[in-house]
Amino acid sequence: MKRTHNCGELRRSDLGKDVFLIGWVNVRRDHGGLLFIDLRDRYGITQVLFDAKLLSSSKSLHSEDLIGVGGKVQERPKGTINNKLVTGEIEVFAEKLFLLNKSKDLPFELSHDLKVAEEIRLTYRYLDLRRPIMQKRLIMRHRLVKLIRDYLGKKEFLEIETPILTKSTPEGARDYLVPSRLSPGDFYALPQSPQLFKQLLMVAGFEKYFQIARCFRDEDLRADRQPEHTQLDLECSFMTQEEILAIIEEMIGMLFEEILSLKIPLPFPHLMYQEAISKYGTDKPDLRDEKKTNFSFVWVEQFPLFQFNKEQDRLDPQHHPFTLPMEEDLSLLDQEPLKVRGLCYDLILNGQEVGGGSLRIHKRELQEKIFGLIGLSQEVYLSKFGFLLEALEYGAPPHGGIALGLDRLLMLMSGADSIREVIAFPKSGDGSCPLTGAPARVSLQQLKELSLKIDKKNKL
RNA sequence: GGGGACGUAGCCCAGUGGCUUAAGGCUCCGGACUGUCGAUCCGGUGAUCGUGGGUUCGAAUCCCAUCGUCCCCGCCA
């Protein structure tokens, strides 16, 4: 029961060969005296022809049955060549048929368009993912990640993993928490980004780091936001902003060329934050020009380091508290902190933020000053970030980096209208997974081991 | 937390108060057909219109509540 070929590779040059294919029944076309099956696997579709000999058994085949077919590759008669298929000049004349695994009637049709309620698609995601368009998207995702790894590898970047179980920090989005069994009452947090760890890797002297990193944020979902998303996270020592951006631009140019056969004009245009706001009224303008490519990248840089938080009557970091202020603005820190600009940059594609980064503070004194300016008491910042501050005291190198949202980038590259379309098993709008039923109750025993009790108001 | 749209057979969808015994396409079932390619043709099964309540002589169609889905705002350093 070993296949000799996949469903996308037979050509005219294979005429006469005895082959064995395995695949799913994509479509059945029954003509009475003969019957066609479009056999599908991840590589493509090959037409299989059944005549009188195997007719009765082939007639019972249904969509998505898994079958094995032994037969001979033959030329299609003149006028019946299908130009839509790369295998369209040939067909396999079936001599043996094995029903390997039957399929139930499908909850929705795979061979039609995507107009099916998303909840149903997600409940049966393993079927939804059989559709060629979904396979294409995930294959594109694989290629993108592979190209990134190869590219950064050549540039001497090291791929280093950072913890998923880590520590909650006070800034940013709401954390996902994981209770500690060994330390009752304490919690790990899932990382919102590897930010602190990659800075520590710079202190450790790795100079060029990257990671295809999963990031977690417990906030409400959107078409372009999931509770967990994947970003290309990278960080470099001893590089200027220009050098970092050049690496990203070259990489993105390469990705669009390799994946979409599109030449993206380099370098990307730059806008200062103030300029973007005054000209376009937004810090993520859509600069698409209909005459040219459909993809328009722009860097927006020099964001203010702080923004004023009215409710709390204090300064909040605009980006994150590790961003290096512009040298020429340092003198403003005490008197006019809202005028201080940061050495930071967002990458905007078609009006959507697909990346952001900055040069980082690498000296303890300045970092402490920033913590103070955003209203963290010494007690708080020492308990939350003391390890970082101390690390900066051991000859920490100047460094900076960036993170690109891979789901968003893929969404835009593939023309999908939601990042869920480029994620194999995404969460639905309420953060749940219709397929597995997560999140779900756990047993009392599990809670007990974690020293947790559920508030009865929320029923148990 | 707020706003909007939607919820009709397995899937997609028409129908905005009586002319609908709720239409159509696909799936599914049966039949015909030796060259199709989301085959075609003929026939058939299948929904009381998310749920509950109300208005009315009469409701899928109006009102209220509730549940669910999606989109947006808030939120997302």
Side-chain angles (χ1 to χ4, degrees), chain A residues 26-40 45-53 55 58-60 62-64 74-85 87-89 91 93 103-124 127-128 131-132 169-175 191-193 195-196 215-229 303-307 309 311 315-323 342 344 346 353 356-358 370-371 374 376 403 405 408 417-418 420 428-432 434:
Chain A
N26 199 54
V27 189
R28 185 190 60 173
R29 293 182 293 278
D30 185 349
H31 287 249
L34 83 176
L35 183 150
F36 299 97
I37 294 284
D38 282 348
L39 197 63
R40 187 197 73 242
I45 286 176
T46 297
Q47 176 167 288
V48 180
L49 172 63
F50 294 87
D51 79 348
K53 187 178 155 203
L55 210 54
S58 69
K59 276 186 187 296
S60 66
H62 289 81
S63 287
E64 300 308 313
Q74 66 182 29
E75 198 170 7
R76 294 199 192 185
K78 286 206 175 63
T80 65
I81 287 170
N82 185 345
N83 293 317
K84 289 183 208 157
L85 297 178
T87 60
E89 288 192 292
E91 65 195 0
F93 183 82
S103 171
K104 292 208 298 184
D105 286 348
L106 298 166
F108 57 93
E109 287 143 61
L110 308 187
S111 55
H112 287 53
D113 50 36
L114 286 176
K115 264 180 84 179
V116 176
E118 194 163 352
E119 197 184 10
I120 296 169
R121 292 177 57 202
L122 291 180
T123 302
Y124 298 94
L127 296 178
D128 189 48
R131 314 163 104 122
T169 54
E171 305 296 327
R174 193 177 294 111
D175 283 317
Q192 296 182 29
S193 92
Q195 181 64 31
L196 295 173
C215 302
F216 305 86
R217 293 174 190 182
D218 187 4
E219 298 291 348
D220 287 2
L221 288 73
R222 286 283 195 292
D224 61 353
R225 280 168 24 194
Q226 281 276 299
E228 49 183 311
H229 76 278
F303 285 74
L305 204 58
F306 306 108
Q307 58 193 11
N309 182 329
E311 287 106 55
L315 297 178
D316 279 346
Q318 164 90 22
H319 212 62
H320 58 53
F322 315 110
T323 301
C344 54
D346 278 359
E353 182 187 333
S358 63
I370 298 294
F371 284 150
I374 60 173
L376 297 183
R408 281 189 191 171
D417 54 12
S418 157
R420 297 188 295 273
S428 65
D430 61 352
S432 69

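No experiment lies behind these values; they were computed from the predicted model shown. FYI, side chains are in, hydrogens and waters are out, and symmetry mates aren't considered; it's all heavy atoms of this structure. Just so it is clear: chains get the letters A, B, ... in the order the sequence lines come, proteins before strands, and each one is counted from 1.
- Qualifying side chain to side chain donor-acceptor pair (under 3.5 Å) partners for A:Arg222, counting only residues two or more places apart in sequence or in other chains: none.
- Looking only at distances, no side-chain donor or acceptor of A:Glu89 sits under 3.5 Å from a matching main-chain atom of A:Glu75.
- Put simply, the side chain of A:Asp218 and the base of B:C76 share no donor and acceptor less than 3.5 Å apart.
- Listed candidates were B:C37, B:C75, B:G35. Nearest to the side chain of A:Glu219 is B:C75.
- Comparing A:Arg420 and A:Leu106, the nucleotide of RNA chain B nearest to each residue sits closer to the 5' end for A:Leu106.
- Taking the C1' atoms as reference points, B:C12 lies 27 Å from B:G17, given to the whole Å.
- B:G3 and B:U8 are spaced 26 Å apart, taking the C1' atom of each and rounding to whole Å.
- Summarising the geometry, the separation between CG on A:Asn82 and P on B:G35 is reported as 17 Å, rounded to the nearest angstrom.
- Using atom P as the reference point in both B:U61 and B:G18, the two lie 12 Å apart (nearest Å).
- Across the protein-nucleic acid pair, A:Leu35 atom CG and B:U40 atom P stand 14 Å apart, rounded to whole Å.
- Within 4.0 Å (heavy atoms only), A:Arg174 reaches no atom of the nucleic acid at all.
- Nucleotides B:C6 and B:C49 are separated by 14 Å at their C1' atoms, to the nearest Å.
- Residue A:Arg29 has a polar side-chain atom (N or O) positioned under 4.0 Å from OP1 or OP2 of B:A39.
- Panel note: side chain A:Arg28, backbone A:Lys59; a donor-acceptor pair is recorded below 3.5 Å.
- Ring-base stacking between A:His31 and B:A39 is satisfied, the centre separation being under 5.5 Å and the plane angle under 30°.
- At the heavy-atom level, A:Pro77 lies under 4.0 Å from base atoms of the strands shown.
- For the C1' atoms, the distance from B:C71 to B:A60 is 25 Å, rounded to whole Å.
- Side-chain N or O atoms of A:His229 include none that pairs as donor or acceptor with a backbone N or O of A:Pro227 at under 3.5 Å.
- Rounded to a whole Å, the CZ atom of A:Arg222 is 13 Å from the C1' atom of B:G4.
- Counting atom types as modelled, A:Arg217 pairs no side-chain N or O with a base atom of B:C75 as donor and acceptor under 3.5 Å.
- Shown here, B:G68 forms a base pair with B:C6; the pair counts as Watson-Crick or G-U wobble because both key distances fall under 3.5 Å.
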Evaluation steps, side chain to side chain donor-acceptor pair (under 3.5 Å), between A:Arg29 and A:Gln47 | CA-CA 10 Å; A:Arg29 293 182 293 278; A:Gln47 176 167 288; 2.9 Å; yes
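- Under the Watson-Crick or G-U wobble criterion, with both distances below 3.5 Å, B:U20 has no partner in any strand shown.
- At whole-Å resolution of the value, CZ in A:Arg225 and C1' in B:C76 are 4 Å apart.
- In this structure, the CG atom of A:Asp220 is 13 Å from the P atom of B:U69, given to the nearest Å.
- Taking atom CG of A:Asp128 as the reference point, atom P of B:G10 lies 19 Å away to the nearest angstrom.
- Taking the side chain to side chain donor-acceptor pair (under 3.5 Å) definition, one finds that A:Glu119 meets it with nothing, sequence neighbours left out.
- Side-chain N/O atoms of A:Glu109 and base N/O atoms of B:G10 include a donor-acceptor pair closer than 3.5 Å.
- The residue A:Ala223 sits close only to the backbone: its heavy atoms come under 4.0 Å of sugar-phosphate atoms, none of a base.
- Remark: the backbone N or O of A:Asp220 is paired with a side-chain donor or acceptor of A:Arg225 at under 3.5 angstrom.
- Below the 3.5 angstrom threshold, one finds no donor paired with an acceptor across the side chain of A:Asp430 and the base of B:G68.
- Here B:C29 presents its P atom at 4 Å from NE2 of A:His62, a figure rounded to the nearest Å.
- Considering only side-chain N and O atoms, A:Arg40 lies nowhere under 4.0 angstrom from the phosphate OP1 or OP2 of B:C37.
- Rounded to the nearest Å, the gap between the P atom of B:G50 and that of B:G43 is 31 Å.
- Nearest-nucleotide positions on RNA chain B place A:Lys84 closer to the 5' end than the other of A:Lys84 and A:Leu122.
- Put simply, A:Phe36 rests on the base of B:U36: the two rings are less than 5.5 Å apart at their centres and nearly parallel, under 30°.
- A 3.5 Å limit on both hydrogen-bonding distances identifies B:C29 as the Watson-Crick or G-U partner of B:G43.
- Of all the heavy atoms in A:Ser63 and A:Leu106, the pair that sits closest is CB-CD1, 4.1 Å.
- Counting non-hydrogen atoms under 4.0 angstrom, A:Glu91 reaches a base of the nucleic acid.
- Here the side chain of A:Lys115 is nearest to one of B:C71, B:C13, B:G35, namely B:C13.
- At a cut-off of 3.5 angstrom, counting only N and O atoms as typed in the model, there is no donor on one side facing an acceptor on the other between the side-chain of A:Arg28 and the base of B:U36.
- Between the CD1 atom of A:Ile120 and the P atom of B:U8 there is a distance of 9 Å, rounded to whole Å.
- Backbone-only contact: A:Glu119 has heavy atoms under 4.0 Å from sugar-phosphate atoms and none from a base.
- Spacing between B:C63 and B:U21 at atom P, rounded to whole Å, works out to 23 Å.
- Among the heavy atoms of the strands lying under 4.0 Å from A:Ser428 are primed sugar atoms or P, OP1, OP2 only; no base atom is included.
- B:U69 and B:G35 have their P atoms separated by 50 Å, with the value rounded to a whole Å.
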